[in-house]
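Remarks on the structure that follows.
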Amino acid sequence: MSREAFLLMACIHSCKGKWGLNMPIDILRGSRAKKILDAQFDKLPLHGLGKTYAPNWWKALGHQLIAHGYLKETVSDVYRTISVSLKGEQFLASSTPDYQPSLVLSLTAELLGEEENMSTQEESKTLATSDLDGFSEVERQLYQMLLEERLKLARSVGTAPYAICGDQTIKKITLVRPSTKARLANIDGVNQHLVTKYGDHFLRVIQQLSQGLNLPLDGEANLLNNEVRKLSTVSVKNSSKKLTPAKFEAWKMWHEDGLSIQTIANFPGRSAPIKEQTVAEYLLEAAQEGLPFDWSRFCEVIGLTQEIESEIQGAILKVGSKDKLKPIKDELPENVTYQHIKTYLTMQSCGVSKDDIQAQKDSESEIQQVETHCEANISEHSLMEKCDLEMDIVPSRPVEFTTKRQKVSDMKEINSTDFKATENSILEWLKHHDEGATLVEIQGHFNGSGKDCVVDLLNLLESDFLIYKKGGMYRVL
């Protein structure tokens, strides 16, 4: 019971021994009750890691740990509080998120009953239909298959399925279908432990299952929020009725299958090829009808740059009307095509701005940046040698901490000084950022050290339970 006991004792330790058993159990089960939110216990990295087990099962485990001296119960008037005993502190001190020493407890009726039902619960567990709205039929199949694979993996390593990752994380993995460890690590809910210990296994399984279901990898990276998926599904159903079958099919090939305009135009299933320009116009009509659309990708394909957009905007102002394309075209250089003008006008009618497109590009750029860091696997010894070398090169300077989280774009003046990264300097800097900081912000501040060095120092701090990562933000534990 070492893994489960570690979670419960670590959670009780995080509660400072000021509560009974109910509070840490509610935290482990992911409750968002007012008392938990008020105490900010929902921000603990342990929050939600014990959903698989029922409250009574956790209480039975807690009573066993009290009986074996790992926890101690204090009674004051009518209040009972639970804290970690010296024996429990020694167990926690010898444990890490990846490893806990053996801890053997007697299986009571409550513990045994839940253990016997665990496999049945996991194998038969399916989410309510409303929770999977926005999933295609094959995505639902993939989700169930990944749940089964998680169960097999949990059995093989002797742990509970939730200890590997939660159901919500499996849902996001189903939508993204990552092809690399970097893309896996970029999914909200996936921690470093999962990537390093089970990453290869997950990627291999995802690739095999996705191929069997004809699902592309890295296919839905921008639709991690299931509420967005639900809205998108409703939008697709309504909008598809307004498009001809040929136009809707072209949009599906572009958006869902990731095919190029050239491939769609010459698709083997057609009785005869169609012009690429026709495909592009089909896609623009789909966008006008409200279907999900990757404007960044489309503009890149047709060569619509911000410079060309500015020229088109100037021409429209000069002509004074958008009703006819020819007068606008006559005011533009030859390299600006009718396709550019049509796309620009469609973007305006859809309310798409330059900032929206830039945000899409920044999101793709961030994924690539994370990919560079997460593929690095440097040992702690070589990491410290690497950082020591950088410390010899970069002169030490006094560090001035800010009291508010700053965006990278606001830190140019500070970054004129090369700050070197160490475990202590990162920890102290994060203490002054109550709202947390992103990887890019941390790397931007500690620009006196290599980006890989910063990433690996963060991983060390996270494995030592000194910091945690949630929602892409690093915070002090």
Side-chain angles (χ1 to χ4, degrees), residues 122-151 165-180 183-184 186-190 202-261 263-264 267-270 279 282-283 285-298 360 363-364 367:
E122 281 297 315
E123 290 171 341
S124 63
K125 183 177 181 181
T126 57
L127 293 179
T129 304
S130 60
D131 288 340
L132 289 177
D133 282 352
F135 282 59
S136 66
E137 185 58 37
V138 287
E139 285 175 335
R140 290 170 186 259
Q141 294 178 33
L142 177 60
Y143 172 74
Q144 294 297 335
M145 290 177 179
L146 288 178
L147 285 181
E148 293 173 7
E149 288 295 332
R150 182 187 63 172
L151 180 62
C165 64
D167 291 348
Q168 291 297 321
T169 304
I170 293 291
K171 285 170 65 179
K172 293 172 184 176
I173 291 174
T174 301
L175 297 180
V176 178
R177 302 181 294 279
S179 62
T180 66
R183 291 184 179 272
L184 177 63
N186 200 46
I187 297 173
D188 189 24
V190 174
F202 263 102
L203 292 175
R204 186 167 57 252
V205 168
I206 291 166
Q207 183 177 13
Q208 292 172 352
L209 295 179
S210 297
Q211 285 179 347
L213 295 171
N214 290 323
L215 283 170
L217 298 178
D218 305 316
E220 297 287 352
N222 293 324
L223 295 176
L224 297 183
N225 189 320
N226 196 36
E227 293 302 317
V228 175
R229 292 298 301 274
K230 292 178 184 179
L231 294 174
S232 297
T233 302
V234 174
S235 173
V236 168
K237 288 179 180 178
N238 293 335
S239 301
S240 63
K241 297 176 182 178
K242 303 176 184 178
L243 295 172
T244 64
K247 294 175 183 178
F248 183 66
E249 189 63 29
W251 172 83
K252 283 183 64 178
M253 291 180 182
W254 162 268
H255 180 76
E256 295 184 357
D257 300 333
L259 300 181
S260 67
I261 291 177
T263 303
I264 298 170
F267 197 71
R270 297 188 185 281
V279 175
Y282 284 176
L283 297 178
E285 285 191 45
Q288 283 182 307
E289 293 298 338
L291 291 174
F293 202 77
D294 188 344
W295 285 104
S296 174
R297 176 188 169 201
F298 188 82
Q360 285 184 330
S363 177
E364 294 168 3
I367 291 174

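Just so it is clear, the structure is predicted and the values come from calculations on it, not from any experiment. Along the sequence shown, residues are numbered consecutively beginning with 1.
- Taking 4.5 Å as the limit, every side-chain heavy atom of Gln207 sits out of range of all side-chain heavy atoms of Ser179.
- Rounding to the nearest 0.5 angstrom, the gap separating the CD1 atom in Ile187 from the CD1 atom in Ile170 is 9.5 Å.
- Here Gln141 contributes atom CD and Ser136 contributes atom OG; the two are 8.5 Å apart, rounded to the nearest 0.5 Å.
- Remark: Glu149 pairs with no residue by the side-chain hydrogen bond (donor to acceptor under 3.5 Å, both in side chains) rule, at least two apart or across chains.
- The line from CG of Leu213 to CD of Glu137 is 10.0 Å long, rounded to the nearest 0.5 Å.
- With sequence neighbours left out, the side-chain contact (heavy atoms from CB on, under 4.5 Å) criterion links Gln208 to Arg204.
- The residue from Ile264, Val279, Ile261 that alone fulfils the side chain to side chain contact (heavy atoms under 4.5 Å, CB included) condition with Met253 is Ile264.
- For the side-chain contact (heavy atoms from CB on, under 4.5 Å) test, residues two or more places apart in sequence or in another chain that qualify with Thr169 are Cys165, Ile173, Val190.
- For the atom pair CD of Gln144 and CG of Leu209, the computed distance is 12.5 Å after rounding to the nearest 0.5 Å.
- Taking CG of Leu283 as the reference point, atom CG of Leu291 lies at 10.0 Å (rounded to 0.5 Å).
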Intermediate values then yes/no, salt bridge (charged side-chain N to carboxylate O under 4.0 Å, His left out), Glu139 and Arg177: CA-CA 10 Å; Glu139 285 175 335; Arg177 302 181 294 279; 3.4 Å; yes
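- Minimum interatomic distance between Thr174 and Tyr143 (heavy atoms only, all atoms of both residues): OG1-CA, 3.5 Å.
- Using a 4.5 Å heavy-atom cutoff, the side chains of Leu217 and Gln211 are not in contact.
- Using a 4.5 Å heavy-atom cutoff, the side chains of Tyr282 and Trp254 are not in contact.
- Closest heavy-atom contact between Leu142 and Ser210: CD2-OG, 4.1 Å.
- Leu146 is listed as a side-chain neighbour of Val205, based on a closest heavy-atom distance under 4.5 Å.
- Using cut-offs of 30° and 60° for the angle between ring planes, the Phe248 and Trp251 rings count as parallel.
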